[in-house]
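Here is the structure we will look at.
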Amino acid sequence: MTAEIIDGKKIAEEARLEVARGVENLLAAGKPRPGLATVLVGEDPASQVYVRSKQKACAQVGIESFGYKLPATASQEEVDTLVAELNANPQVNGILVQLPLPKHLDEERVLNAISIEKDVDGFHPLNIGRLAQKGRDPLFIPCTPYGVIYLLEQTGTKISGANAVVLGRSNIVGMPVALLLVRGNATVTICHSRTRDLPSVTRSADILVAAVGRAEMVRGDWVKPGAVVIDVGVNRVDDPTVEKGYRLVGDVAFDEVKEVARAITPVPGGVGPMTIAMLLKNTLHAAELAANS
Ligand code: GUN
């Protein structure tokens, strides 16, 4: 069997068009243009690239973006003050503080300071807490996990009753993905560095989500025939045959696993494009909440 390759680029593009239409509808109803504030502390090269991509994507769908940069030496008070200003600014519907923050800053304190109505990353402890509780709903779902579920839904994968295995328990991806799968009535196993006999656990998965940051760790014989495999990993591996000297691979050995799975996301072009599309969706949602309040 050769798997269906899940086209994240195309699905993300459709989601972005839907956001663009939502923005048009708001403006047509006389509401203000949605706005997203991005906060970048320090000069981490990957974070700079991510923030620029987020701003560019906003422009494409008619969302205004406000970029704030603080030096790597910024104090906790400076970051707190900026977040408080953005909370009070009616032009700003969503606040995104790019992670990771420099080590001397208290990440939890910063995330806690963001108004939950503007928490388009979904990382506020209250939004995460609601995600983890029955009968409660977060205002926003973290973007990459939201993208994972969106891809599963778009490919017609039944989550309810499925055995789902999540590799990785990070705050940004693994844990919220697992919570979302539980909410979708899957039976969920979360694996991590202490998990014993990982291949036998992953082989039980109807849905396998890999988010550990280890290049091509998941091999063909780790996967149950017919499983749906979502690869969140983005890893650089040396490749002297290309000009850059490296290429990007996921946490899944794509060429092996695509012969076993029913459907699989490629890297790049799978989950990656979904993260920004879901951020745009969350920002539109924040603007709609503000417009109706
Ligand atoms: N760093 C890596 N992923 C993310 C994300 O989704 N949001 C933010 N703010 N920082 C990140």
Side-chain angles (χ1 to χ4, degrees), residues 8 12 15-16 35-58 63 65-70 72 74 79-80 82-83 86-87 92-103 105-116 118-128 131 138-151 166 168-180 209-213 230-236 248 250-251 267-268 270-283 285-286:
R16 282 148 74 132
L36 173 73
T38 59
V39 178
L40 178 60
V41 187
E43 266 123 49
D44 178 70
S47 292
Q48 286 177 333
V49 172
Y50 288 139
V51 167
R52 261 201 307 275
S53 315
K54 289 169 185 179
Q55 291 170 335
K56 199 170 135 212
C58 281
I63 293 175
S65 67
F66 307 94
Y68 293 84
K69 282 188 182 173
L70 294 175
V79 180
D80 290 351
L82 175 57
V83 170
L86 297 174
N87 281 339
V92 170
N93 300 114
I95 302 171
L96 180 139
V97 178
Q98 188 64 28
L99 304 177
L101 288 168
K103 291 270 179 297
L105 296 171
D106 181 341
E107 179 186 295
E108 192 184 358
R109 176 165 150 184
V110 172
L111 296 178
N112 205 17
I114 295 171
S115 156
I116 64 159
K118 298 191 178 189
D119 178 35
V120 288
D121 250 332
F123 293 154
H124 189 289
L126 205 59
N127 275 323
I128 292 287
L131 192 65
L139 286 171
F140 302 97
I141 297 167
C143 304
T144 303
Y146 194 177
V148 169
I149 301 297
Y150 198 91
L151 286 179
V166 180
R169 53 178 162 179
S170 70
N171 290 338
I172 290 180
V173 185
M175 190 56 79
V177 164
L179 294 171
L180 283 166
V209 180
V212 276
I230 306 289
D231 189 353
V232 188
V234 183
N235 310 289
R236 279 186 184 192
L248 295 180
D251 292 347
V267 176
V271 175
M274 296 305 297
T275 298
I276 292 183
M278 297 302 103
L279 172 68
L280 300 174
K281 218 167 143 61
N282 280 348
T283 305
H285 178 55

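When a ligand or atom number is given, it counts from 1 through the structure's own listing order.
At least one N or O atom of Leu99, backbone or side chain, sits closer than 3.5 Å to an N or O atom of ligand 1. For Thr275, no nitrogen or oxygen atom sits less than 3.5 Å from a nitrogen or oxygen atom of ligand 1, counting backbone and side chain alike. Residue Val97 has at least one nitrogen or oxygen atom sitting less than 3.5 Å from a nitrogen or oxygen atom of ligand 1, judged on distance alone.
With Lys118 contributing its side chain and Val92 its backbone, the two residues share a donor-acceptor pair below 3.5 Å.
Contact of the Asp119 side chain with the Leu139 side chain is not registered, since no non-hydrogen atoms from C-beta on lie closer than 4.5 Å.
Applying the ring-ring contact (aromatic ring centres under 6.0 Å, His included) rule to His124 yields no partners; only residues at least two apart in sequence or on another chain are considered. Scanning for ring-ring contact (aromatic ring centres under 6.0 Å, His included) contacts around Phe140 gives His285, with sequence neighbours left out.
Under 4.0 Å from ligand 1, not a single heavy atom of Tyr50 appears.
At the top of the distance list for atom 11 (C) of ligand 1, counting protein heavy atoms only, stands Gln98 NE2, 3.4 Å. Atom 3 (N) of ligand 1 has Ile172 CG2, 3.9 Å as its closest protein atom, hydrogens excluded (heavy atom only).
Closest approach of Ala37 and Tyr68 over heavy atoms only: CB-CE1, 4.2 Å.
Of the listed residues (Ile172, Val173, Thr275, Val267), just one forms a side chain to side chain contact (heavy atoms under 4.5 Å, CB included) with Val232, and that residue is Val173.
With ligand atoms numbered from 1 in the order given, ligand 1 contributes 5 (C), 6 (O), 7 (N), 8 (C), 9 (N) to contacts under 4.0 Å with heavy atoms of Asp121.
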